[in-house]
Amino acid sequence: QVIFALNQTLLQQESLRAGSFQIPYTTEDLIKHYNCGDLNSIIFNHDTSQVPNFINATLPPHERVTAQEIDSYFRQELIYKRNERMGRRVKDLLEEYPDKSFFFAFGAGHFMGNNTVIDVLRREGYEVEHTPAGQAI
């Protein structure tokens, strides 16, 4: 699986360099959707842009299975479990210091797709609201 993932990553990078593959969004797109609180828009129609995409229709069936296993592993280990840990840390701090004010900052990837840090906190009973760019807190 490691060799497969490395080969697929290198192939994607070579395609990017050759111009035959393009990232479906720009940095400006990311900033715009982040500021609007809309990271789940059509531009991010996958669970997360942080997880490399190894699954593609040109793979033979046995390699497609390997790609799906790797994809599942990355999502579980790199995204979902990390968001769970971060959400629990936020919850623990809020409960340990109820009279204190906090400011938490997370990268955009923690707000995309399912099982985000916000989802974790909402499951714990917290109300989370988006504050648009330029709006006073």
Side-chain angles (χ1 to χ4, degrees):
Q1 285 183 343
V2 172
I3 291 170
F4 174 84
L6 180 58
N7 283 334
Q8 291 300 308
T9 301
L10 291 173
L11 286 171
Q12 283 182 6
Q13 291 302 311
E14 289 172 359
S15 295
L16 274 171
R17 231 178 250 147
S20 59
F21 174 74
Q22 292 185 346
I23 296 174
Y25 57 88
T26 66
T27 302
E28 289 78 22
D29 293 328
L30 175 62
I31 292 167
K32 176 183 159 215
H33 289 280
Y34 181 82
N35 285 337
C36 293
D38 184 26
L39 289 174
N40 285 323
S41 68
I42 193 68
I43 196 168
F44 298 110
N45 59 1
H46 300 291
D47 263 343
T48 177
S49 65
Q50 290 182 326
V51 175
N53 185 15
F54 297 121
I55 303 170
N56 77 55
T58 64
L59 293 174
H62 70 283
E63 286 186 359
R64 204 169 304 139
V65 169
T66 300
Q68 288 170 335
E69 289 170 353
I70 292 169
D71 182 75
S72 176
Y73 173 82
F74 276 143
R75 288 181 198 289
Q76 190 62 36
E77 296 299 321
L78 298 181
I79 304 300
Y80 301 151
K81 284 185 180 180
R82 185 175 63 167
N83 285 344
E84 285 288 336
R85 281 192 307 272
M86 293 172 121
R88 276 196 312 273
R89 287 179 186 154
V90 167
K91 174 188 163 291
D92 291 346
L93 282 168
L94 292 172
E95 289 177 358
E96 187 174 347
Y97 303 100
D99 297 329
K100 299 257 184 204
S101 293
F102 291 91
F103 175 83
F104 299 100
F106 300 97
H110 297 284
F111 301 106
M112 290 189 276
N114 300 315
N115 301 309
T116 67
V117 172
I118 291 173
D119 294 333
V120 171
L121 292 170
R122 285 183 174 147
R123 280 195 306 266
E124 292 293 333
Y126 287 91
E127 184 178 323
V128 181
E129 294 180 20
H130 172 71
T131 304
Q135 181 177 326
I137 298 176

Working to the nearest 0.5 angstrom, can you tell me the gap between F4 CZ and H62 NE2? 8.5 Å
Not counting sequence neighbours, which residues clear ring pair (Phe, Tyr, Trp, His ring centres under 6.0 Å) with F102? List them please. F104
Quiz: residues 117-127 side-chain donor-acceptor pairs under 3.5 angstrom, not counting sequence neighbours:
from, atom 1, to, atom 2, distance (Å)
D119, OD2, N115, N, 3.0
D119, OD2, T116, N, 3.0
D119, OD2, T116, OG1, 3.3
R122, NH2, V128, O, 2.6
R123, NH2, E84, OE2, 2.4

Residue list, side-chain contact (heavy atoms from CB on, under 4.5 Å) with E96, at least two apart or on another chain: none
Closer than 3.5 angstrom, by distance alone: can the side chain of S15 be matched with the main-chain N or O of L11 as a donor-acceptor pair? yes
Partner set under side-chain hydrogen bond (donor to acceptor under 3.5 Å, both in side chains) for E95, not counting sequence neighbours: K91
Step through the shown structure and confirm whether more than 12 heavy atoms of other residues, nucleotides or ligands are within 6.0 Å of CG on L10. yes
Go through the structure and list residues passing ring pair (Phe, Tyr, Trp, His ring centres under 6.0 Å) with Y73, not counting sequence neighbours. none
Testing the basics here: between F106 and M86, what is the closest heavy-atom pair and its distance to 0.1 Å? CD2-CE, 3.8 Å
CG (L94) and NZ (K100) are apart, to the nearest 0.5 Å, by 13.0 Å
